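Reviewing the structure listed below.
What you see is a predicted model; the values in this text were computed from it and never measured. Naming: A, B, ... by sequence-line order, numbering from 1 per chain.
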2 protein chains.
Amino acid sequence: MTSDPARRLLPLADQAAPERADAARNRELLLDAAAAMVAELGADEVTMDALAARAGVGKGTVFRRFGSRGGLMAALLDHTERAWQAAVISGPPPLGPGAPPLERLLALGDSRLRTTLQHAALIRAAGAEGARASGAHSFAALHVRHLLTQLEVDGDLPLLAVALLAPLEVPVLEQQVRLDGLPVERVLAGWADLVRRVVGRPAVTPPGGAT
Amino acid sequence: MTSDPARRLLPLADQAAPERADAARNRELLLDAAAAMVAELGADEVTMDALAARAGVGKGTVFRRFGSRGGLMAALLDHTERAWQAAVISGPPPLGPGAPPLERLLALGDSRLRTTLQHAALIRAAGAEGARASGAHSFAALHVRHLLTQLEVDGDLPLLAVALLAPLEVPVLEQQVRLDGLPVERVLAGWADLVRRVVGRPAVTPPGGAT
DNA sequence: GGCCCAAACGGACCACGGTCCGTTTGTATT
DNA sequence: AATACAAACGGACCGTGGTCCGTTTGGGCC
């Protein structure tokens, strides 16, 4: 009776998959080691062999946990990303709720630009498994779309949202800031200008003001 | 007297570097073999070893010529890219000169979107050495900037140009078209809408039309 | 406690990109 | 034609990402 296999397959309303104790321990070990190594060497000096050695596990285990190098980097990014999402959903204005939509949108761009630039190496190393796959990207797009709705912008909102976020992607920003040497403020101002054109409000002050 | 070393260093007004006959021959051999292999296997099934073998040269030679796998892919892209630039500079309208600027801009987007999608695998494989490095990207940006000038758009034109091109980059397009399954026409329409907002012309017909 | 087995482990192994360096070859000079 | 040398060549070699498979282990069940 108590051997009913359904008990284990549907233990509770908890749909989270079971994870063995050693697996969980190793995940922590690896994540910590990886974070430390990224901090002290930079993302693209971290090799999977070295990571395994440092965490004291076999290489196979690393790949079992994270699938690939990109997956590992994505997992590292995950912490940051969750924090960012939390800030957007329930943090203080203007990024969080409470400010008018346009201000929130501009704050989102600012925040996104800076964090993207800050973790550029990690994001690059994460590749396809990175922002795009882990839902990070779709969350941002969804939120922009939401703000555009509030701003009563009409058109193909999903597309418009992606178009607004595209100039904030790593390759573009690195080209502008690192290679072309443009100051971050200028890039940001350019983005704000783009946003205003898209939402149809020529300037911060509504039409009628000077300039 | 005739041994004056300057004679060889400055042979003529021809500043193009000399290239030994065997080097040139091998470049052709490699480029042809690479193109064939990409065509029949797809870009990311082509290995440098296999390419060297097929072209009948040593592996060292491949890297001497192209520097890296990315460099090779970029070299393959080069043909396509030159053709595209030629079409923009001196091809038939609306992509080439002769059409009104807004039409040219929209044609540019259309053309760029399609060719990018068509060569997506190659572009991805080219990575940093690809479009961005080989000047392809800067040419497009320059031209968009030029068209924006003709459209009397004011603002930070270099930034605006990049922002318009960003949604046409490979990762964005692949996400939308290949993963989300959006039809190309819709993506294109979305881009056209973005352009109109940026240049400040709400629709094809000037304000006053029925929309 | 003892049994059982799915899950996790670990490290030998493989494939591929990239480098190195001793050898060959094209070309300019005489 | 002979000489000289820079450039090009080629393949052995190395590091790294990723796989495979025989071994170990956590934890539910009796």
Legend entry - Met48(B) CE to dG10(D) C1', straight-line distance once rounded to whole Å: 15 Å
Inset, instruction - Would you mind reading off the distance between Leu72(B) atom CG and dG18(C) atom C1', rounded to a whole angstrom? - result: 14 Å
Inset, instruction - Name the closest nucleotide to the Arg20(B) side chain, picking from dG17(C), dT27(C), dT16(D). - result: dT27(C)
Inset, instruction - May I ask you to list the residues of residues 26-45 of chain B, by number, that have any heavy atom positioned under 4.0 Å from an atom of DNA chain C? - result: none
Legend entry - Contact check, side chains of Arg197(B) and Leu194(A), non-hydrogen atoms, under 4.5 Å: no
Inset, instruction - Taking only Lys NZ, Arg NE, NH1 and NH2, and the carboxylate oxygens of Asp or Glu, determine whether Glu19(B) and Arg64(B) approach each other closer than 4.0 Å. - result: no
Legend entry - Comparing Arg25(A) and Arg25(B) on DNA chain C - which has the more 5′ nearest nucleotide: Arg25(A)
Inset, instruction - Give the rounded distance in Å between these two atoms: CG of Leu51(A) and P of dG15(D). - result: 19 Å
Inset, instruction - Check the distance between dT25(D)'s P and Asp22(A)'s CG and give it to me in whole angstrom. - result: 10 Å
Legend entry - Presence of salt bridge, Arg196(A) and Glu103(A), under 4.0 angstrom: no
Legend entry - Donor-acceptor pair between Gln175(B) and His137(A) side chains, under 3.5 angstrom: no
Inset, instruction - Go through the side-chain N and O atoms of Trp84(B) and Ser111(B) and say whether any donor and acceptor fall under 3.5 Å apart. - result: yes
Legend entry - Residue-level proximity of residues 53-71 of chain A to DNA chain C when a heavy atom falls under 4.0 Å: Val57(A), Gly58(A), Lys59(A), Gly60(A), Thr61(A), Arg64(A), Arg65(A)
Inset, instruction - Please indicate whether Arg145(A) has more than 12 foreign heavy atoms, meaning atoms of other residues, nucleotides or ligands, lying under 6.0 Å from its CZ. - result: no
Legend entry - Pair Ser68(A)-Glu129(A), side-chain hydrogen bond (donor to acceptor under 3.5 Å, both in side chains): steps then yes or no: CA-CA 9 Å; Ser68(A) 70; Glu129(A) 293 90 342; 3.1 Å; yes
Legend entry - Atom NE2 of His146(A) with >12 non-hydrogen neighbours under 6.0 angstrom: no
